[in-house]
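Here's the structure we're looking at; comments come further down.
Labels below follow one simple rule: chain letters A, B, ... track the order of the sequence lines, proteins then strands, and each chain is numbered from 1. Nothing here was measured: the structure is a model prediction, and the numbers come from that model.
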Protein chains: 4
Amino acid sequence: MRTKTKSAPAETRSFAEAARRSQIVDCAIDTVAEMGFARASVDQIAKRARVSKGVITYHFPSKEEIVDAVIEKVVAAGRTYMEPRIMAETSAAGRLRAYIESNLEFIDAHRSPLIALVEIAMTARRADGSLIIGPESLAQRAANLGELLRAGQRSGEFRRFNTRVMALTIIHAIDAVPFLLAREPGLEVKLHAKELAMIFALATRRESS
Amino acid sequence: MRTKTKSAPAETRSFAEAARRSQIVDCAIDTVAEMGFARASVDQIAKRARVSKGVITYHFPSKEEIVDAVIEKVVAAGRTYMEPRIMAETSAAGRLRAYIESNLEFIDAHRSPLIALVEIAMTARRADGSLIIGPESLAQRAANLGELLRAGQRSGEFRRFNTRVMALTIIHAIDAVPFLLAREPGLEVKLHAKELAMIFALATRRESS
Amino acid sequence: MRTKTKSAPAETRSFAEAARRSQIVDCAIDTVAEMGFARASVDQIAKRARVSKGVITYHFPSKEEIVDAVIEKVVAAGRTYMEPRIMAETSAAGRLRAYIESNLEFIDAHRSPLIALVEIAMTARRADGSLIIGPESLAQRAANLGELLRAGQRSGEFRRFNTRVMALTIIHAIDAVPFLLAREPGLEVKLHAKELAMIFALATRRESS
Amino acid sequence: MRTKTKSAPAETRSFAEAARRSQIVDCAIDTVAEMGFARASVDQIAKRARVSKGVITYHFPSKEEIVDAVIEKVVAAGRTYMEPRIMAETSAAGRLRAYIESNLEFIDAHRSPLIALVEIAMTARRADGSLIIGPESLAQRAANLGELLRAGQRSGEFRRFNTRVMALTIIHAIDAVPFLLAREPGLEVKLHAKELAMIFALATRRESS
DNA sequence: TATGAATGAGAATTCATTCAT
DNA sequence: TATGAATGAATTCTCATTCAT
């Protein structure tokens with residue numbers, strides 16, 4: 001992470017180029033998930049991809065770009081998986097449940113990528129020391145989920161609560177799962193999802209009495 | 001071609017020695033909190049402490065020992081602060097509230113140390129690649145909190161829920177706070193605490209019928 | 001907080017790679033022979049090879065591997081040189097003479113490598129403190145030479161003596177030569193060889209009277 | 001081994017001073033014998049002596065002086081032990097036998113000091129890179145023993161041989177013993193001595209027939 | 001005399017990046 | 001495009017020596 005060359009824009013890439021990049025990104029994901037970000041050197045990634053180190057640098061002029069590509073790939077896949085499931089629900093409570101459950105299903109089905117993403121979010125920094133996944137990123141996710149929660153409050157499904165704190169709490173409860181999986185692969189994600197959904201259903205619903 | 005040394009046991013330390021160690025630990029905390037664990041080199045810590053690098057390695061033969069000392073210091077302080085507050089409560093619900101609130105008060109009052117601790121928990125690894133704060137550590141905290149929750153279930157204060165998932169969710173909701181503070185120093189921790197307490201009060205209480 | 005890497009197996013090496021490794025090994029040999037093992041740092045070796053330090057660690061992930069390569073190179077060359085000369089003799093006395101003389105010829109023709117080898121044998125230690133050229137190595141050489149000596153005893157050429165002590169004495173008389181050469185380059189090795197051959201001929205032959 | 005302060009001359013030392021120095025030298029001997037010269041740091045020696053490191057540097061301004069003291073102590077003790085035994089013999093053959101046997105007895109009785117001495121002879125160097133036990137030292141020993149051998153030749157007891165080569169061979173056969181003991185503590189030194197004495201008796205005596 | 005803290009010069013390794021082929 | 005060699009900065013750790021108390 002020393003200099004500033006940029007790789008060519010995505011549109012100009014050939015199919016072969018795209019395939020190579022994708023392969024490298026996958027290997028980077030597995031390496032980060034397995035050894036942690038700090039130990040996931042370009043050497044290690046190249047070894048896992050069974051290509052020379054030069055190939056990596058050829059396709060990704062700097063390590064930061066690999067990281068960006070990993071983030072992009074995982075985030076895009078997550079959004080693709082989750083959005084329709086959430087939108088399929090009509091009630092706010094249903095959407096919240098879908099948010100939690102689809103998120104955990106996705107995590108369960110893509111363990112390495114998510115473990116890698118959490119590793120990156122926690123530790124990856126730019127050359128200047130700033131976090132690659134910075135506060136804005138979390139703020140954006142919190143804002144999106146907050147909107148969902150506010151909709152529930154407006155419709156009267158949800159009680160009054162600070163939507164930002166609730167959103168952050170839900171997001172961190174979800175983000176904890178890859179972290180837990182990295183340390184305890186046997187974790188029962190389905191059960192975890194059901195319990196989380198219940199916890200936040202109770203925490204958000206309008207007071208009954 | 002290198003070997004390992006261990007520092008002398010704590011009891012044999014003089015006052016001056018203890019003070020120096022404490023100063024170094026404090027600088028290590030600030031450095032890790034500010035730059036992240038990966039960038040908190042011994043050089044950086046020494047620079048912040050305005051001593052030569054050798055001083056650090058004189059008092060802490062290996063970097064791992066600095067990390068251990070940081071963990072010990074922060075964890076001990078946290079326990080001292082929280083335990084009486086929790087034990088002062090008699091109901092399970094009260095204890096849970098005290099658990100959450102005293103934890104967040106402590107975090108608020110010791111931001112850098114807690115940010116550093118979270119950084120270390122996330123990324124610090126031993127020479128062999130294993131995490132310094134491993135799964136056992138989290139398991140222990142979850143078990144302790146789980147016991148509190150089970151007591152509430154036995155007494156009928158709490159509904160039936162999976163105590164392990166609930167404990168992990170509460171712990172991660174709390175651990176998220178230093179992480180948030182690192183990224184958004186203006187966070188209103190008091191408000192956050194109140195909301196968290198409410199969330200988990202609602203999530204745990206017996207269904208009203 | 002450091003780990004170990006292993007270099008790729010020898011078969012996979014390209015010609016250029018092998019040449020570089022060989023060059024580095026040669027420079028390592030000269031450096032060790034000239035300055036002693038303790039002072040032969042990777043920096044020094046790199047300086048002598050007129051390459052950056054990184055080149056060394058690129059080809060030899062750890063210093064121990066350089067040492068292993070030095071040992072292998074010298075030992076293999078020695079065996080290649082000596083074995084046919086010894087085997088060309090049919091009598092035990094002839095073989096013993098050939099053993100001593102071919103050994104000293106080889107030493108004379110490869111002074112630096114042998115001086116380096118003796119330096120390494122005396123002082124090089126692994127990370128765990130164990131000697132890189134350990135007791136087994138000497139035991140093996142003593143056993144081989146002992147077998148030659150026992151053959152001479154069985155055939156009646158040699159008198160009764162403790163073959164192990166004799167073998168060790170001969171081996172150390174030979175190993176002393178690189179040591180002597182390092183301190184006194186003008187040593188007349190040919191004369192030394194003739195005298196040594198005579199000493200051990202007299203010491204081993206069957207009592208005449 | 002960086003600078004050049006000299007410690008006070010021996011005559012000016014108090015009794016307590018001398019005792020301290022002797023204790024430090026003994027600990028240095030044990031440390032070098034056990035861990036090798038390269039690993040025998042001042043720290044290690046101080047730890048073994050159960051004094052602070054400063055004590056060492058107080059009594060021995062530089063590490064080189066410790067080494068000098070070790071050498072002096074061991075060499076003097078050896079001379080004291082061996083000289084009368086050698087001089088008690090009247091024949092050259094007797095003196096040679098006494099030389100070998102008393103030497104090995106002394107080694108056997110003072111293993112650590114001799115192992116340390118050999119370690120030092122092999123590897124210890126001055127700040128400028130020159131060997132602390134240099135060629136002169138060996139040359140001196142060879143000259144002394146050579147004189148004994150020449151006397152035997154003059155008297156007709158010994159055959160004609162190159163006295164220098166013979167002397168060096170005998171010396172190295174003896175010096176090998178501490179080296180062997182370091183690697184194989186069970187070595188039967190008495191047997192070894194007898195065999196060595198026989199080897200060199202046969203190698204030196206005048207041809208019988 | 002004794003102590004132990006401090007210093008700063010190396011030492012081995014790791015690693016992102018550059019570059020010639 | 002691909003390769004892998006080369007570079008040099010950064011990092012942890014060791015150690016002889018200096019120095020204030």
Side-chain angles (χ1 to χ4, degrees), chain A residues 1-5 14 16-17 20 38-46 51-64 66 127, chain B residues 1-5 8 13-14 16-17 19-20 38-44 46 51-64 66 127, chain C residues 1-5 8 13-14 16-17 19-20 38-44 46 51-64 66 127, chain D residues 1-5 14 16-17 20 38-46 51-64 66 127:
Chain A
M1 300 211 174
R2 233 176 275 155
T3 44
K4 44 239 64 215
T5 338
S14 73
E17 160 91 13
R20 250 292 191 253
R39 301 188 159 226
S41 67
V42 175
D43 266 295
Q44 287 296 332
I45 296 168
V51 296
S52 79
K53 184 161 51 164
V55 177
I56 309 279
T57 346
Y58 177 78
H59 290 282
F60 297 92
S62 83
K63 200 184 177 185
E64 210 178 297
I66 307 179
Chain B
M1 299 204 174
R2 194 93 44 88
T3 38
K4 290 276 163 188
T5 333
R13 276 176 215 136
S14 73
E17 160 89 10
R20 242 303 184 249
R39 301 189 156 226
S41 68
V42 175
D43 262 307
Q44 286 298 331
V51 296
S52 83
K53 184 167 46 166
V55 176
I56 309 285
T57 36
Y58 174 75
H59 291 280
F60 295 92
S62 81
K63 199 183 175 185
E64 214 177 295
I66 307 179
Chain C
M1 300 205 175
R2 195 90 45 87
T3 38
K4 289 275 163 187
T5 332
R13 277 177 213 134
S14 72
E17 160 87 12
R20 238 310 180 244
R39 301 190 156 225
S41 68
V42 174
D43 261 307
Q44 286 297 331
V51 295
S52 82
K53 184 168 48 165
V55 176
I56 309 284
T57 36
Y58 175 75
H59 291 281
F60 296 92
S62 83
K63 198 182 177 187
E64 212 177 296
I66 307 179
Chain D
M1 297 205 175
R2 232 176 277 157
T3 44
K4 46 239 61 211
T5 338
S14 73
E17 160 92 13
R20 251 292 190 254
R39 300 187 161 226
S41 67
V42 175
D43 267 296
Q44 287 296 331
I45 296 168
V51 297
S52 80
K53 184 161 54 161
V55 177
I56 309 280
T57 346
Y58 177 78
H59 291 281
F60 297 92
S62 83
K63 199 184 176 186
E64 210 177 298
I66 307 178

* Among E/dT13, E/dA6, F/dC13, find the nucleotide with the atom closest to the side chain of C/S62. => E/dT13

* Structure fact -> When rounded to whole Å, the CZ to P distance for the pair C/R39 and E/dA11 reads 9 Å

* Structure fact -> The residue, C/V42 or B/G54, whose nearest nucleotide of DNA chain E is more 5′ is B/G54

* Asked: For the atom pair NZ (A/K53) and CD (A/Q44), what is the distance rounded to the nearest 0.5 Å?
  -> 11.0 Å

* Hey, which of these two, C/A16 or B/D43, hits DNA chain F nearer its 5' end, going by closest nucleotide? -> C/A16

* Asked: Taking the side chain of C/Y58 as its heavy atoms from C-beta onward, which of F/dT7, E/dT3, E/dT7 lies nearest to it?
  -> F/dT7

* Asked: When you measure from the side chain of C/R20, which nucleotide among E/dT3, F/dA6, F/dT17 comes out closest?
  -> F/dA6

* Gap between atom CD1 of D/I66 and atom CD1 of D/I56 - 0.5 Å precision -> 5.5 Å

* Write down the distance between CD (C/E64) and P (E/dA11), rounded to a whole number of angstrom. => 18 Å

* Side chain of B/S52 only, please: which of F/dT11, E/dA6, F/dC13 is the nearest? => E/dA6

* To do: Ignoring the backbone of C/E17, work out which of F/dA5, F/dT3, F/dT7 is nearest its side chain.
  => F/dA5

* **Closest to the C/K53 side chain, choosing from F/dA10, F/dA6, F/dT17** => F/dA10

* Structure fact -> The reported gap from CZ in D/R20 to CZ in D/F60 (rounded to nearest 0.5 angstrom) is 11.0 Å

* Among E/dT18, F/dT14, E/dA2, find the nucleotide with the atom closest to the side chain of A/T57. => E/dT18

* **Pairing pattern in dot-bracket form [Watson-Crick, G-U; both distances under 3.5 Å; | = partner strand] for DNA chain F** => .||||||||||||||||||||

